[in-house]
Amino acid sequence: MANVSLRSVVKRYGKQAVVHGIDLEIADGEFLVMVGPSGCGKSTTLRMIAGLEDVSGGEIRIADRVVNDLEPKDRNIAMVFQNYALYPHMTVFDNIGFGLHAARLPKAEVAARVTKAAGMLGLADYLQRRPAQLSGGQRQRVAMGRAIVRDPAVFLFDEPLSNLDAQLRNQMRTEIKRLHQSIGTTIVYVTHDQVEAMTLADRIVIMRDGRVEQVGAPLDIFHRPANTFVAGFIGSPQMNMIEVPVRAGALDLGEGVSIPVPPRGGAGLSEGSRVILGIRPDDLVAADGARAAGVPLEGRVAVVEPLGTETQIFVRVGSHELIGKADGHHVPRPGEPIRLVCNVDRLHLFDAERKHALA
Amino acid sequence: MTAGALPSTAARGAVRFKDVRPGRIVAWTLLAMGGIAMVMPLVVMISTSLKYPHEVYDLNLIPVEPTLENYLHIFQNTKFLRWFVNSLIISILTTASVVFFDGLVGYVLCKFSFRGRQVVFVAILSTLMIPTEMLVIPWYLMARDFGWLNSVWGIMFPGIMTGFGTFLMRQFFEGVPDDYIHAARIDGLNEFQIWWRIAMPLVTPALSALAIFTFLGNWTAFLWPLIATSNRDLYTLPVGLASFSGEFATEWEMVMAGASLATLPTLVFFLIFQRYIIRGVMLTGVKG
């Protein structure tokens with residue numbers, strides 16, 4: 001168990017910087033998820049923590065020890081790779097126990113630890129098989145077993161679920177969470193999937209272009225995104241974001257439709273200035289449901305996507321198209337007029353130029 | 001006998017006939033011709049090795065008076081066994097050396113980035129453009145100056161590493177995902193162990209192919225072994241067999257008996273290693 005800290009960590013390839021000075025304090029036992037679109041530097045950062053990439057600047061500490069120049073094996077970490085990286089010429093047993101063998105542990109102890117880890121992961125019956133004879137989910141478990149068995153101070157996961165199909169991914173996600181709850185080791189987990197980030201993390205780090213955009217607990221980030229990028233990245237379907245002018249103390253959506261300026265962030269807005277208005281689809285619901293308190297908005301249905309538990313509706317409101325939600329039983333027809341209600345307290349306002357949230 | 005049986009047989013015949021398309025007939029004919037062309041020299045070799053000298057120039061494939069005397073003769077009156085062992089030692093040592101060193105260099109050129117890597121690789125590749133005939137004189141001068149002539153090492157040294165093998169291994173290591181190497185590094189292996197215990201087993205098909213090529217190349221090598229030694233005790237098989245050709249006459253039945261025996265190790269070697277040439281083993285540990 002250990003804390004991990006990154007101080008002004010930079011990664012350059014030649015003159016090209018891909019990670020621009022990241023500062024991060026990861027507490028002992030914390031489950032930290034780094035999330036962002038591909039190329040945002042999250043995997044590179046993870047590999048720097050692992051020691052698979054050199055650190056071009058700054059300092060990485062694991063358990064208060066600077067590890068910049070330590071070999072991966074000396075950092076007391078274990079890593080689970082996206083493509084599992086199981087040695088195909090070895091059995092499951094040998095794959096899991098390989099690191100222990102390399103560390104010259106006695107055979108009996110290797111066997112005991114491998115058996116224990118395999119038991120935890122439901123792999124006991126597969127120990128003599130080779131990776132080729134396993135399903136994707138089983139391979140993923142072996143990869144996790146290989147990490148667990150070493151009892152490291154920090155687990156590093158590099159998009160471990162992205163090669164699995166949707167159902168298996170959900171199942172493995174729960175297993176990873178359960179695993180963390182039972183062993184309590186610090187985990188740094190990289191993914192591009194915001195659902196994984198939301199469900200697994202104690203804290204999320206959202207990255208873009210080698211920079212940290214926001215760090216926080218999942219719900220804090222969801223409810224208080226720091227900028228339009230974070231707002232768009234977290235939450236599905238995406239937050240509606242439209243640029244609107246302030247007219248007569250209200251946000252003008254065009255064609256005579258307007259919403260009162262929300263209390264949060266709306267204080268300093270001057271007449272005629274432009275802001276980006278963010279509305280989560282969950283905060284824009286068809287008026288006939290139970291959730292019908294708030295400011296009414298009249299619009300016309302453009303596209304309807306029934307999902308069973310709820311219905312997503314694309315509605316033309318003023319001169320904008322917004323995504324809202326309706327009850328699963330309520331499936332409006334395209335072209336119909338519709339009344340939506342919008343929860344003004346939950347609206348988000350962002351600066352139109354610098355894109356950051358107006359507090 | 002029912003009336004129904006007849007049409008059904010006829011129908012079955014018709015289906016079979018329909019399966020034999022003209023393209024297939026052409027293909028089979030070409031394959032058969034190719035096969036015969038490949039096998040013929042072997043058949044002639046074995047057949048001639050079983051003939052008496054007076055029958056050698058007859059074109060019959062089955063000897064009129066088959067005999068094993070030629071085999072007896074080469075064992076009793078020549079140093080065949082000695083040459084056989086020489087060839088075996090040289091081929092096995094060279095093959096082991098090539099597989100080891102070419103694998104090592106190919107791996108480093110593929111998986112390590114260092115200044116001048118490309119230059120080194122191109123330099124190694126460029127050695128492939130030089131024919132053996134051009135190299136034998138420098139080799140000879142070098143061997144003479146070092147006192148390597150008339151020694152096993154003198155025959156072996158030009159072949160202990162090959163540009164071709166290095167190139168081949170580098171290309172195959174390209175196909176080994178870096179994550180295996182990263183995983184092994186985290187597992188605590190040093191770079192040599194990673195190469196030996198992780199990377200090499202993943203390229204077994206390439207290694208087998210390289211081993212077969214190298215073994216066959218050395219087993220049949222003629223020019224350099226001929227030049228490098230004048231000591232009959234150090235002859236390799238091809239050089240020894242060639243010595244059956246005199247200035248005025250060639251004892252073909254002897255040459256063929258020797259050649260028949262000489263093919264045996266290559267066959268055995270091939271049978272052992274070909275089963276490792278199973279592609280696609282490498283990727284079974286990654287992806288879902």
Side-chain angles (χ1 to χ4, degrees), chain A residues 13 46-47 50-53 71-90 92 94-105 130-140 142-143 146-147 149-150 152 155-156 158 160-165 168-169 172, chain B residues 99 103 107-108 110-118 169 172-211 272-273 275-288:
Chain A
Y13 292 109
L46 190 78
R47 279 159 190 266
L52 299 172
E53 298 271 3
E71 291 292 316
K73 66 182 165 74
D74 301 324
R75 296 187 179 202
N76 200 10
I77 46 121
M79 186 155 169
V80 177
F81 293 88
Q82 178 176 8
N83 54 22
Y84 322 140
L86 304 179
Y87 310 126
H89 54 296
M90 298 181 195
V92 169
D94 291 338
N95 262 288
I96 296 178
F98 191 67
L100 302 180
H101 270 302
R104 296 178 191 279
L105 259 65
R130 296 198 178 220
Q133 297 163 304
L134 300 178
S135 70
Q138 288 165 339
R139 288 181 205 184
Q140 184 56 61
V142 177
R146 187 163 68 174
V149 79
R150 304 182 54 215
F155 279 119
L156 307 174
D158 189 6
L161 304 183
S162 51
N163 279 342
L164 300 177
D165 61 53
L168 205 51
R169 197 180 309 157
M172 289 305 296
Chain B
V99 165
Y107 177 76
V108 169
C110 174
K111 294 296 184 192
F112 285 72
S113 53
F114 51 91
R115 203 177 282 271
R117 173 170 80 161
Q118 214 51 34
M169 294 317 296
F172 269 84
F173 282 122
E174 292 279 358
V176 175
D178 285 345
D179 278 352
Y180 284 135
I181 293 162
H182 292 154
R185 219 165 264 162
I186 289 175
D187 271 337
L189 268 60
N190 64 36
E191 298 303 320
F192 183 83
Q193 289 172 319
I194 293 174
W195 170 72
W196 182 246
R197 295 180 63 181
I198 305 297
M200 285 290 265
L202 294 177
V203 293
T204 321
L207 286 177
S208 310
L210 181 61
I272 291 173
F273 280 94
R275 66 197 179 96
Y276 293 109
I277 311 184
I278 303 160
R279 306 212 48 183
V281 175
M282 189 154 62
L283 291 170
T284 52
V286 296
K287 291 267 154 67

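In what follows, every heavy atom counts, from backbone to side chain, and hydrogens, waters and symmetry copies are set aside. Residue numbers begin at 1 in each chain, while the letters A, B, ... track the order of the sequences.
No part of Leu168(A) comes within reach of chain B, as not one of its non-hydrogen atoms sits under 4.5 angstrom from that chain. Only the side chain of Arg150(A) comes within contact range of chain B, judged by heavy atoms closer than 4.5 Å. Only the backbone of Ala78(A) comes within less than 4.5 Å of a heavy atom in chain B; its side chain stays farther off. Interface remark: Arg47(A) contributes side-chain atoms only to the contact with chain B (heavy atom separation under 4.5 Å).
Residues Thr204(B) and His89(A) have side chains not in contact (no heavy-atom distance under 4.5 Å, counting atoms from C-beta outward).
Residue Tyr84(A) holds its OH atom at 12.0 Å from CG of Asp179(B), rounded to the nearest 0.5 Å.
Of all heavy-atom pairs between Ile186(B) and Met79(A), the closest is CD1-CB, 3.4 Å. The two residues Tyr180(B) and Tyr87(A) have their closest heavy-atom pair at O-CE2, 3.9 Å.
Heavy-atom pairs under 4.5 Å with chain A peak, among Ile181(B), Ile198(B), Leu189(B), Asn190(B), at Ile198(B).
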